[in-house]
There are 2 protein chains.
Amino acid sequence: MTHLTSEVLEILAGKTLATAESCTGGMIGQMLTAIPGSSAVYKGGIISYTNEIKNKLLGVDMALLEREGAVSAPVAKAMAEGARRVLCADIAVSVTGLAGPGGDDRGNPVGTVYIGYADETGAEAIFFHFDGDREAVRTQAAQAALQLVLSKN
Amino acid sequence: MTHLTSEVLEILAGKTLATAESCTGGMIGQMLTAIPGSSAVYKGGIISYTNEIKNKLLGVDMALLEREGAVSAPVAKAMAEGARRVLCADIAVSVTGLAGPGGDDRGNPVGTVYIGYADETGAEAIFFHFDGDREAVRTQAAQAALQLVLSKN
């Protein structure tokens, strides 16, 4: 884990990174800031654990949240775009998903996770399904988010 | 750790909590959201790893940051007040400190941590000094922040 995090910080040298976390609740930020000197790249993030915060702090459209649901590709993408804009970062990564124990009222099962990525060329979101309990889903989601940043840089 | 976090969520039932984290970088949010159902209390937080983010997202006055330094009681207090206001929460807790390996240019040694707390009656900040390496300081700071919330409620 430390290795992956260090690699992300090294590959982004000279650029800045921001995070927007829902189901991981700060885990990605915590992993990045475990590395001394991470502030050269990592500016910070928003833990948006409710729809209200996704809307108010990240600027995710409330109509989009209601139409697509918080755990969806469009919302993951909008969260990454919002974090990049609000935190004035070169790159932003976002996570929204269902860590369990229950799924949501839209039929999404536990382990459903969308990871968003935004940079100066645009934004996208990728669907994942992770097995395991709440902590296993959260850890895999955080790792996948860092892997996505690596793969894009 | 899980016990402490569960206690905080139980004691705050019916109220809402927000976080503003600097040196812990999301650790408190991650601990809270490890508990299923935490969204009933925990609205989210801001990981303000740079002065720019403390100012822009939490509304901490830049002159205060420059005069007192990021690791100071007035800044911890302003971070908690900012998180409470910006996230529209009943209670907010904040952490700013030096997790190491180095101190700052103001003579503060590694392990210096200020924890801020804000609720409807006002705000305050408490000084701590923790021993150990970066991870030990961060973990103790996160625990102390949760303990402070417990002691106030």
Side-chain angles (χ1 to χ4, degrees), chain A residues 2 5 16-58 70 79 83 85-89 95 97-102 110 133-139 141-142, chain B residues 2 5 16-58 70 79 83 85-89 95 97-102 110 133-139 141-142:
Chain A
T2 305
T5 317
T16 56
L17 174 67
T19 51
E21 302 188 61
S22 188
C23 67
T24 47
M27 188 182 279
I28 301 172
Q30 195 248 90
M31 287 165 63
L32 288 163
T33 59
I35 312 288
S38 48
S39 63
V41 165
Y42 183 58
K43 294 183 84 171
I46 291 169
I47 303 171
S48 56
Y49 213 53
T50 59
N51 279 357
E52 177 196 344
I53 303 301
K54 288 179 185 72
N55 171 252
K56 192 171 172 227
L57 292 190
L58 291 169
M79 285 170 65
R85 183 180 62 246
V86 170
L87 285 101
C88 304
V95 180
L98 296 163
V110 173
D133 66 7
R134 186 173 177 91
E135 213 46 28
V137 169
R138 282 155 46 95
T139 304
Chain B
T2 306
T5 316
T16 55
L17 174 67
T19 52
E21 302 188 62
S22 188
C23 68
T24 46
M27 188 182 279
I28 302 172
Q30 196 250 91
M31 286 164 64
L32 289 164
T33 58
I35 312 288
S38 47
S39 64
V41 166
Y42 184 58
K43 294 184 81 168
I46 290 170
I47 304 170
S48 55
Y49 213 54
T50 60
N51 280 356
E52 177 196 345
I53 303 301
K54 287 180 186 73
N55 171 252
K56 194 174 171 226
L57 293 191
L58 291 168
M79 285 170 66
R85 185 178 63 247
V86 170
L87 285 100
C88 304
V95 180
L98 294 162
V110 173
D133 65 8
R134 185 174 179 90
E135 213 47 28
V137 170
R138 282 157 44 97
T139 304

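Everything quoted here is computed from the prediction, not taken from an experiment. Side chains included, hydrogens not; waters and symmetry mates left out as well; all remaining heavy atoms used.
- The distance from atom CZ of A:Arg138 to atom CD of B:Gln30, rounded to the nearest 0.5 Å, is 5.5 Å.
- If you tally non-hydrogen atom pairs under 4.5 Å between each of A:Gly29, A:Gly102, A:Pro36, A:Pro101 and chain B, the highest count goes to A:Pro36.
- Of the atoms belonging to B:Leu57, it is side-chain heavy atoms, and not backbone ones, that fall under 4.5 Å from chain A.
- In terms of heavy-atom pairs under 4.5 angstrom with chain B, the leader among A:Leu32, A:Ile28, A:Ile46 is A:Ile46.
- For B:Thr24, the part sitting under 4.5 Å from any heavy atom of chain A is the backbone (N, CA, C, O) and nothing else.
- To the nearest 0.5 angstrom, A:Ile47 atom CD1 is 12.0 Å from A:Cys23 atom SG.
- Contacts of B:Ser38 with chain A are made by both backbone and side-chain atoms, with heavy-atom separations under 4.5 Å.
- Contacts of B:Ile53 with chain A are made by side-chain atoms alone, with heavy-atom separations under 4.5 Å and no backbone atom involved.
- Partner of B:Tyr42 under the side chain to side chain donor-acceptor pair (under 3.5 Å) criterion, out of B:Thr5, B:Thr19, B:Thr16: B:Thr19 alone.
- Between the CD atom of B:Glu135 and the CE atom of B:Met27 there is a distance of 4.5 Å, given to the nearest 0.5 Å.
- Among the candidates A:Ala34, A:Ser39, A:Ala99, A:Gly44, the residue making the largest number of heavy-atom pairs closer than 4.5 Å to chain B is A:Ala34.
- Contacts of A:Lys56 with chain B are made by side-chain atoms alone, with heavy-atom separations under 4.5 Å and no backbone atom involved.
- The distance from atom OG of B:Ser22 to atom CE of B:Met79, rounded to the nearest 0.5 Å, is 5.0 Å.
- To the nearest 0.5 angstrom, B:Lys43 atom NZ is 7.0 Å from B:Leu87 atom CG.
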